[in-house]
Undergrad: 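Just passing along the structure, written as C-alpha cells.
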Amino acid sequence: QVELVESGGGSVQAGGSLRLSCAPSTRTDGTRCMGWFRQAPGKSREGVAVVYTNNGNTYYADAVKGRFTISQDNAKTTVYLQMNSLKPEDTAIYYCAAGTPYECDSRSWSRKIFGYWGQGTQVTVSL
C-alpha cells in the first residue's frame, strides 16, 4: 500500500503564494503520474496539475496556468505545487494523487481515476 505524505497549505491573502509538497512512501509504477486535485465547498473535485515523473511532462488546468507550477526534486521522491498570485477562488482542500503512466494523459488526466490519494490539505485565500 502506498501512502502519500502531504505538507504545506495554510491561509494567505489574495496575491500571495504557498507551496505544497507530496512524497509517496514508496515508488512504483502506480506512482509514475503525480499530481494535485482540489475540492471547494459545494463543488466537485477538479484537477489542478500533474507531472509524469519519468520525463517531467506537466499538464495544468486552465484556471491555474501561469500561476501554479508543479515540479519534482532531482531524486524524483517529492512533488511540489508552487502556487503564486493566489485568488479567493483557489480556496479548497488540495489532495495529492498518484497514478500509473496511463493517468498522465495530456487531454484527459483530470478525468482519470488515480489509485492513491493523500489526506488533503486546506488552502484558504482571503481578500
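For reference, positions follow the sequence shown, starting with 1.
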Undergrad: Is the shortest heavy-atom distance from the side chain of Arg111 to the side chain of Asp105 under 4.5 Å?
TA: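 No, every pair of side-chain atoms sits at 4.5 Å or beyond.
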Undergrad: Closest approach of Gly56 and Gln72, non-hydrogen atoms and distance?
TA: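 Looks like CA-NE2, 4.0 Å.
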Undergrad: So that I can tick it off, tell me whether Arg67 and Asp90 are bridged by a salt bridge, with the cut-off set at under 4.0 angstrom between side-chain N and carboxylate O.
TA: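 Salt bridge between Asp90 and Arg67, a charged N being under 4.0 Å from a carboxylate O: yes.
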Undergrad: Is there side-chain contact between Thr124 and Val12, with at least one heavy-atom pair below 4.5 Å?
TA: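 With C-beta onward as the side chain, the pair stays apart.
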Undergrad: Would you mind reporting whether Leu18 and Val123 have side-chain heavy atoms less than 4.5 Å apart?
TA: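 Yes, close enough: below the 4.5 Å cut-off.
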Undergrad: Tell me which donor-acceptor pairs under 3.5 Å the side chains of residues 46-53 have, and how far apart each pair is, sequence neighbours excluded?
TA:
{"unit_1": "Glu46", "atom_1": "OE2", "unit_2": "Arg38", "atom_2": "NE", "d": "2.6"}
{"unit_1": "Glu46", "atom_1": "OE2", "unit_2": "Arg38", "atom_2": "NH2", "d": "3.1"}
{"unit_1": "Tyr52", "atom_1": "OH", "unit_2": "Asn54", "atom_2": "ND2", "d": "3.3"}
{"unit_1": "Thr53", "atom_1": "OG1", "unit_2": "Arg27", "atom_2": "NH2", "d": "3.2"}
{"unit_1": "Thr53", "atom_1": "OG1", "unit_2": "Arg32", "atom_2": "O", "d": "2.9"}

Undergrad: What pair of heavy atoms forms the shortest contact from Phe114 to Cys33, and how long is it?
TA: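 The pair with the smallest heavy-atom distance is CE2-SG, 3.7 Å.
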Undergrad: State whether the side chain of Lys112 and the backbone N or O of Cys104 hold a donor-acceptor pair below 3.5 Å, judged by distance alone.
TA: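 No.
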Undergrad: Measuring from atom CD of Gln122 to atom OG of Ser11, what distance do you get when rounded to the nearest 0.5 angstrom?
TA: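 Answer rounded to 0.5 Å: 7.5 Å.
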Undergrad: Find out if a path of hydrophobic residues (ILVMFWY) with successive side-chain heavy-atom gaps under 4.5 Å connects Val64 to Val125.
TA: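 Linked within one cluster.
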Undergrad: For Gln39 and Lys43, which heavy atoms make the closest approach, and how far apart are they?
TA: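 Shortest heavy-atom contact: NE2-O, 3.1 Å.
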Undergrad: Under 6.0 Å from the six-membered ring centre of Trp36 and within 45° of its axis: does the NZ or CZ of Arg45 meet both?
TA: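 No, Arg45 does not sit over the ring of Trp36.
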Undergrad: Would you find more than 12 non-hydrogen atoms of other residues, nucleotides or ligands less than 6.0 Å from Glu3 atom CD?
TA: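 Check fails, neighbour count at 12 or below.
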Undergrad: Hydrophobic clusters here meaning ILVMFWY residues chained together by side-chain heavy-atom distances under 4.5 Å, can you tell me if Trp117 and Ile70 are in one?
TA: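 As far as the 4.5 Å side-chain criterion goes, Ile70 and Trp117 are not connected within one cluster.
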Undergrad: Can you tell me how far the CG atom of Leu4 sits from the OH atom of Tyr116, to the nearest 0.5 Å?
TA: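 Answer rounded to 0.5 Å: 9.0 Å.
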Undergrad: Answer with yes or no whether the hydrophobic clustering places Leu20 together with Tyr60; edges join I, L, V, M, F, W, Y residues whose side-chain heavy atoms lie under 4.5 Å apart.
TA: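 In one cluster: yes.
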Undergrad: Are any non-hydrogen side-chain atoms of Glu6 and Ser21 less than 4.5 angstrom apart?
TA: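 A side-chain contact under 4.5 Å is absent here.
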Undergrad: State the OH-SG distance between Tyr94 and Cys22, to the nearest 0.5 angstrom.
TA: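 Reported value, rounded in 0.5 Å steps: 15.0 Å.
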Undergrad: Is there side-chain contact between Cys96 and Gln119, with at least one heavy-atom pair below 4.5 Å?
TA: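 The answer is no; the side chains never approach within 4.5 Å.
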Undergrad: Tabulate below the donor-acceptor pairs under 3.5 Å that side-chain atoms of residues 78-88 make, not counting sequence neighbours, or state none.
TA:
{"unit_1": "Gln82", "atom_1": "NE2", "unit_2": "Asn84", "atom_2": "OD1", "d": "2.9"}
{"unit_1": "Asn84", "atom_1": "OD1", "unit_2": "Ser17", "atom_2": "OG", "d": "2.9"}

Undergrad: Return the CZ to OG distance between Phe37 and Ser44, rounded to the nearest 0.5 Å.
TA: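 Going from the CZ atom of Phe37 to the OG atom of Ser44 covers 11.5 Å.
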Undergrad: Thr26 versus Gln1: any side-chain heavy-atom pair under 4.5 Å?
TA: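 No. Closest side-chain heavy atoms not under 4.5 Å.
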Undergrad: Does Glu103 reach the side chain of Trp109, with side-chain heavy atoms less than 4.5 Å apart?
TA: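 Heavy-atom side-chain distance check fails, nothing below 4.5 Å.
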